[in-house]
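Numbers here are sequence positions counted from 1. Order of appearance sets the numbers: ligands from 1, and atoms from 1 within every ligand. Everything numeric here is computed off the predicted structure, so don't read it as measured data. Just the heavy atoms: all of them, side chains too, but no hydrogens, waters or symmetry mates, feed the values below.
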Amino acid sequence: MAEAERAAPEEICGVLLGKRDIITAVVPIPNIAASRARAFVLEPAALIQAFARAEAAEQEVIGFYHSHPKHGAQPSPTDIREWHYPDLLMIIVGAASRKVAAWQVRGVEATPVELVFSDTPAAPEIPLSNAGKIAIIVSVVLAILAVLVVSLTLLPPAPPIP
Ligand SMILES: [Zn+2]
């Protein structure tokens with residue numbers, strides 16, 4: 001909200017990172033729209049950097065946000081028409097109504113999603129990375145091999161073949 005008010009009458013925009021339904025990082029991206037008072041276009045290089053940051057921190061892109069300097073937090077017809085991320089959140093900072101709202105936009109349907117603000121962010125459960133899973137599989141395989149080797153070396157020598 002503070003950022004949206006600072007930038008008014010221009011719109012701000014950015015990416016929301018996190019895990020599942022918990023937003024843990026808000027990454028502002030420069031708005032490079034020709035008419036920033038009426039539209040937003042995320043600057044591609046900064047957007048790619050944000051994606052890389054998400055990847056490095058094993059975070060997901062949860063959604064995108066932008067502001068409405070002179071309107072409320074409802075998606076505009078343009079917002080709905082140009083949205084192509086049915087599984088991501090559209091968060092709108094309505095500077096005029098001082099409201100922040102989250103939406104799930106599928107086709108022409110915009111469904112409100114409840115936003116809960118918290119000063120003490122819930123620690124997101126961090127699932128194992130692929131590297132972590134591979135490390136566990138490798139150590140299990142090595143343990144089995146070690147048991148096999150030990151049991152084979154403990155076997156009595158084979159009787160001589162007549
Ligand atoms: Zn909008």
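The aromatic rings of His66 and Phe40 sit parallel to each other, their planes meeting at less than 30°, with 60° as the upper class boundary.
Thr24 contributes atom OG1, which lies 9.5 Å from atom CD of Glu60 (distance to the nearest 0.5 angstrom). Distance check: Glu58 CD to Lys19 NZ gives 6.0 Å after rounding to the nearest 0.5 Å.
When side chains are defined from C-beta on, Trp103 counts as touching Gln74, because their heavy atoms get closer than 4.5 Å. The closest side-chain heavy-atom distance from Ile23 to Ile91 is below 4.5 Å.
A pairwise comparison of heavy atoms in Ile80 and Pro75 identifies CG1-CB, 3.9 Å as the closest pair.
Shown are the protein N/O/S atoms under 2.8 Å from the Zn ion (ligand 1), given by residue and atom: His66 NE2, His68 NE2, Asp79 OD1, Asp79 OD2.
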